[in-house]
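Proteins come first, then strands; the chains are lettered A, B, ... in the order of their sequence lines, and each starts at number 1.
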Amino acid sequence: MASVWKRLSCDGDVLNLGITLVCGQAFRWKKLNNEEWCGVLSGKVWTFKQSSDGIYYKVNSRLSEVESTTQNESILNDYFQLNIDLHHLYDHWSSRDDNFKQVAATISGFRLLRQDPVENLFSFICSSNNNIERISSMVEALCVKYGGIITEVNGVVYHDFPSIATLAEPQVEQELRELKFGYRAKFIHETAKILMKKCNKDWLISLREVPYEEAHAALCELPGVGAKVADCVCLMSLDKTDAIPVDTHVWQISCRDYNIPDLKKSKSLTNKAYKAIGDHFRQLFGKYAGWANSVLFSGDLKKFQDSKVNYIQVSLI
DNA sequence: GGTTGACCTGA
DNA sequence: CAGGTCAAC
């Protein structure tokens with residue numbers, strides 16, 4: 001479909017695309033140039049551009065599909081969770097924590113995306129003991145191998161994320177081994193098979209309606225899903241805004257910068273330490289603690305160091 | 001219960 | 001080692 005730029009009015013400090021799309025919560029957004037990002041959402045190909053007067057977007061869909069601006073804006077409002085008042089939350093978190101206040105000054109407009117639980121879950125099964133660059137290429141490989149074609153934009157073919165049913169097919173584990181997924185090949189295949197038994201993706205979606213602890217425990221039953229991955233899924237696609245994923249990085253910074261009882265005693269990230277960190281930040285930041293924590297730690301992500309340096313350099317000139 | 005090492009791969 | 005998970009002490 002031919003597409004034109006449409007404007008979604010919101011300021012940069014309400015939604016900062018550069019930080020939000022590239023911080024490691026979702027792995028399929030590609031930066032086209034300094035201002036534009038492109039990727040797949042809700043079965044369509046979207047191109048975004050950040051401007052001083054809002055976000056501009058273009059949509060490319062399957063040939064048969066008819067575009068509705070109302071519907072597209074609804075998709076974006078849901079995905080970017082624009083109904084959530086970020087200013088109010090930043091103010092609240094800043095009032096609770098001086099360290100947050102400092103970090104927040106360099107990271108405005110960061111939002112959690114409301115992702116599709118299927119893509120979110122399988123992407124983070126890939127994340128264990130892995131780096132963001134390879135996670136991204138593995139997710140891309142899953143889509144190209146098993147996802148349906150959406151359309152072609154500027155010579156690039158875009159695919160949907162594969163269905164659970166496709167990932168549950170018998171040959172998948174071996175094929176993923178051949179695609180260099182390593183031990184994650186088995187986790188993906190086994191988890192897909194279990195989800196098929198649990199009424200496909202409806203079971204995952206239904207976890208949006210249950211309390212955090214229950215959703216977290218249910219996810220941890222899946223192969224390849226431990227406390228950290230389960231918290232990522234809870235936070236990023238199941239509406240658990242106070243879920244705190246604790247990776248090695250969060251653990252180290254927590255030990256260094258925050259005085260959390262019992263934490264300094266353990267030499268490694270034990271279950272006890274894991275829970276102590278989550279509980280500490282939940283008590284500190286409240287209902288949206290998962291969001292606050294993401295702001296706090298995405299700023300230190302290696303991927304961001306470059307853009308931060310650039311920012312400083314630009315301001316010096 | 002907490003600790004330890006293996007597990008795939010690639011930079 | 002990299003944004004972990006699992007199983008065996």
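Regarding A:R134, its CZ atom lies at a distance of 12 Å from the P atom of C:dG3, rounded to whole Å. At whole-Å resolution of the value, CD1 in A:I135 and P in B:dC8 are 17 Å apart. Here C:dT5 presents its C1' atom at 15 Å from CZ of A:F124, a figure rounded to the nearest Å. Atom OH in A:Y274 sits roughly 15 Å away from atom P in C:dG3 (whole-Å rounding). Taking atom CD1 of A:I277 as the reference point, atom P of C:dG3 lies 17 Å away to the nearest angstrom. For the pair A:H216 NE2 and C:dG4 C1', the interatomic distance rounds to 12 Å; values are reported in whole Å. One interatomic measurement links the two molecules: CD1 of A:I244 to P of C:dG3, which rounds to 19 Å at whole-angstrom precision. Atom CG of A:N271 and atom P of C:dA7 are 14 Å apart (whole Å).
Pairing for B:dC8 is absent, with no Watson-Crick or G-U wobble pair whose two atom distances lie under 3.5 Å. C:dG3 is unpaired under the criterion used here, namely a Watson-Crick or G-U wobble arrangement in which both key atom distances are under 3.5 Å.
Among the heavy atoms of the strands lying under 4.0 Å from A:V229 are primed sugar atoms or P, OP1, OP2 only; no base atom is included. The residue A:A185 sits apart from the nucleic acid: no heavy atom pair falls under 4.0 Å. A:P223 comes within contact range of the sugar-phosphate backbone alone, with a heavy-atom separation under 4.0 Å but no base atom that close. Within 4.0 Å (heavy atoms only), A:K228 reaches at least one base atom of the nucleic acid. A:L179 comes within 4.0 angstrom of no nucleic acid atom, judged by non-hydrogen atoms across all strands. Among the atoms of the strands shown, only primed sugar atoms or phosphate atoms (P, OP1, OP2) are found under 4.0 Å from some heavy atom of A:V225.
Across the P atoms, B:dA11 and C:dT5 are found 24 Å apart, a figure rounded to whole Å.
Looking only at distances, no side-chain donor or acceptor of A:E119 sits under 3.5 Å from a matching main-chain atom of A:A26. No donor-acceptor pair closer than 3.5 Å links the side chain of A:S237 to the backbone N or O of A:D116.
A tilted orientation is assigned to the rings of A:F48 and A:W29, their planes being inclined by 30° to 60°. Between A:Y90 and A:F100, the ring planes lie perpendicular to each other; the angle is over 60°, past the 30° to 60° tilted range.
Between the base of B:dC8 and the side chain of A:N129 there is a donor-acceptor pair shorter than 3.5 Å. In this model, a side-chain donor or acceptor of A:Y183 finds a partner on the base of C:dG4 within 3.5 Å.
Contact annotation: A:S128 side-chain N/O to C:dT5 OP1/OP2 distance is not under 4.0 Å. Using a 4.0 Å cut-off, some side-chain N or O of A:R177 falls inside it from OP1 or OP2 of B:dC8.
Looking at which nucleotide of DNA chain C each of A:G224 and A:P245 is closest to, the 5′-most match is held by A:P245.
For A:E152, the CD atom is densely surrounded, since the number of other residues' heavy atoms within 6.0 Å is greater than 12.
The shortest non-hydrogen separation linking A:Y212 to A:I244 is OH-N, 4.4 Å.
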